[in-house]
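Only this structure's heavy atoms are used, side chains among them; waters, hydrogens and symmetry mates stay out. The model shown is predicted, which means the values in this text are computed figures rather than measured ones.
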Amino acid sequence: MRGSSAGQTGQVLDGPVRRVRVVVIGAGQAGLSSAYHLRRRGLEPHRDFVVLDANPAPGGAWLHRWPALTFDAAHALHDLPGFPLGTPDPKEPASSVVNRYYGAFEREFDLPVVRPVSVVRVDSGSDGDTSGGGASDRTVFEGDVFDGGDRGPLHVTTTGGTWVADVVINATGTWDRPYWPYYRGRDVFAGRQLHTQNYRSADEFTGRSVLVVGGGTSAVQFLLQLHEAGARPLWSTRRPPEFTRRPFDPEWGREVEAEVNARTSAGLPPASVVSVTGLSLTAQYQAGIDAGILVSRGPLAELRERSAVFADGSEEPVDAVLWATGFRAALDHLAPLHLREPGGGIRMDGVHVLKEPRLLLVGYGASASTLGASRAGRAAATAALGRLRSIADSGATGNLAG
């Protein structure tokens with residue numbers, strides 16, 4: 001699996017059952033921030049907490065970004081706590097910059113990252129459901145207390161064994177769940193179709209007509225790169241592109257966070273941050289608009305074998321479709337906990353999941369941005385320590401791995 005530490009597939013291997021206090025799933029910005037604050041507040045690496053990461057190396061989802069995405073063209077990367085990024089070469093691939101930075105952070109603070117390990121499921125381990133988890137899901141340790149499923153530990157079943165923890169901090173992000181919208185004719189289109197997740201280089205499309213679908217930053221960058229590479233890009237968006245000259249200052253950041261949080265507090269799926277902020281109108285983007293590159297043809301109506309039909313009735317020949325249509329939260333491994341609300345989302349109060357006090361979500365909703373993820377990591381560590389104290393006060397301390 002890529003970009004997180006969770007997945008629907010992957011063989012569950014026979015392995016040890018390990019007891020810790022906290023499991024962090026995912027070693028991206030949110031997961032590493034959570035781990036840093038757990039370490040700083042006295043939890044011992046490997047004995048008290050671990051970080052499970054499916055990637056073969058540090059970097060989180062950034063590890064899989066297309067090579068042509070240089071650091072200066074990427075979304076802003078905010079510093080990890082206590083470890084300034086400095087000033088990287090702006091023309092270095094963002095994947096290389098973040099791989100080096102995250103790796104140095106893990107080493108500097110001796111964080112207990114275990115990789116590559118994919119998480120298959122998280123459950124209570126007490127309900128007798130062994131689908132996909134094997135007998136270890138039913139393990140109960142001396143000292144563990146169950147009270148309506150609330151005070152017993154959670155079982156994290158992975159491709160490398162099972163971890164049993166009092167608290168799980170989930171920081172799996174979105175990269176593993178690309179969103180492919182349905183349009184009539186998508187199954188009959190004879191050209192190439194790919195998603196942001198699969199994009200590598202604009203040079204693959206030189207001389208070809210490419211339809212880019214989506215209204216976010218990635219779509220805008222693809223259009224400019226394709227044009228520069230000698231392709232013929234077309235742009236389709238459901239709504240007119242929302243460019244803005246407003247600087248993204250702290251006040252605006254708070255407004256955006258409040259709007260996104262309002263949805264998760266109501267149990268609705270989180271909105272994308274760009275749907276709230278719009279697109280910052282840089283000089284490069286203005287030049288693209290003036291040149292006719294960053295001009296949307298409007299909504300896509302359907303695809304035909306070798307063409308695209310737009311809502312205004314116009315039709316254009318198309319060799320490839322690049323779906324820059326975003327991602328959804330990668331949370332399938334949490335399905336056994338039955339967290340979804342009728343509205344389709346998970347009801348949240350900050351990083352707290354209201355249906356499941358043993359689980360904290362970071363990198364979800366407003367904390368999906370790198371700035372929000374760092375703050376959420378600190379909040380999750382604080383919440384995790386508070387829950388551990390309440391368990392200790394009740395006498396349900398469990399057994400810690402030595």
Side-chain angles (χ1 to χ4, degrees), residues 2-3 8 64-66 68-69 174-244 263 268-279 285 288-330 332 343-345:
R2 295 194 233 174
Q8 299 178 46
H64 309 286
R65 299 297 173 91
W66 52 99
L69 180 65
T174 63
W175 186 258
D176 284 336
R177 284 204 63 199
Y179 174 60
W180 296 73
Y182 174 77
Y183 283 91
R184 186 169 65 249
R186 207 186 79 181
D187 55 341
V188 302
F189 179 66
R192 181 181 175 188
Q193 296 187 59
L194 70 162
H195 191 274
T196 299
Q197 188 192 51
N198 314 115
Y199 177 85
R200 305 304 293 166
S201 172
D203 293 336
E204 300 176 27
F205 301 97
T206 299
R208 298 180 179 275
S209 177
V210 182
L211 174 64
V212 179
V213 182
T217 304
S218 294
V220 171
Q221 293 175 350
F222 293 153
L223 289 158
L224 295 175
Q225 292 171 15
L226 289 163
H227 176 77
E228 186 176 353
R232 299 184 299 277
L234 295 167
W235 192 14
S236 174
T237 58
R238 290 184 300 166
R239 297 181 296 274
E242 299 179 10
F243 289 98
T244 178
R263 289 183 59 85
L268 298 173
S272 66
V273 173
V274 73
S275 70
V276 181
T277 63
L279 297 160
Y285 291 175
I289 295 171
D290 296 341
I293 304 165
L294 300 184
V295 177
S296 174
R297 295 290 298 267
L300 176 66
E302 65 175 301
L303 291 171
R304 295 178 179 168
E305 186 176 4
R306 298 195 179 277
S307 65
V309 180
F310 299 93
D312 63 3
S314 62
E315 183 174 358
E316 295 286 351
V318 171
D319 298 308
V321 179
L322 174 50
W323 299 97
T325 45
F327 299 80
R328 299 292 183 263
D332 289 348

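With hydrogens and angles disregarded, a donor-acceptor distance shorter than 3.5 Å links the side chain of Q193 to the backbone of R186. Between the H195 side chain and the Y179 main chain, a donor and an acceptor come within less than 3.5 Å of each other. Counting only distance, with no hydrogens or angles, the side chain of T325 and the backbone of P181 share no donor-acceptor pair below 3.5 Å.
Of the candidates E316, R304, R184, V309 forms a side chain to side chain contact (heavy atoms under 4.5 Å, CB included) with just one, namely R304. The only member of Y183, Y199, Y182 that meets ring-ring contact (aromatic ring centres under 6.0 Å, His included) when paired with W323 is Y183.
Using a 4.5 Å heavy-atom cutoff, the side chains of D319 and F205 are not in contact. Residues F310 and S236 are in side-chain contact: their nearest non-hydrogen atoms beyond the backbone lie under 4.5 Å apart. Contact of the W235 side chain with the I293 side chain is not registered, since no non-hydrogen atoms from C-beta on lie closer than 4.5 Å.
F327 and P178 get closest at one heavy-atom pair: CD2-CA, 3.5 Å.
Once rounded to the nearest 0.5 Å, the distance linking CG of N198 with NE2 of H64 reads 12.5 Å. Considering CG of L294 and CD1 of I289, their distance stands at 6.0 Å, rounded to 0.5 Å.
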Distance-only donor-acceptor pairs under 3.5 Å for side chains of residues 206-214, two or more places apart:
from : atom 1 : to   : atom 2 : distance (Å)
T206 : OG1    : D203 : O      : 3.3
T206 : OG1    : A229 : O      : 2.8
S209 : OG     : P317 : O      : 3.0

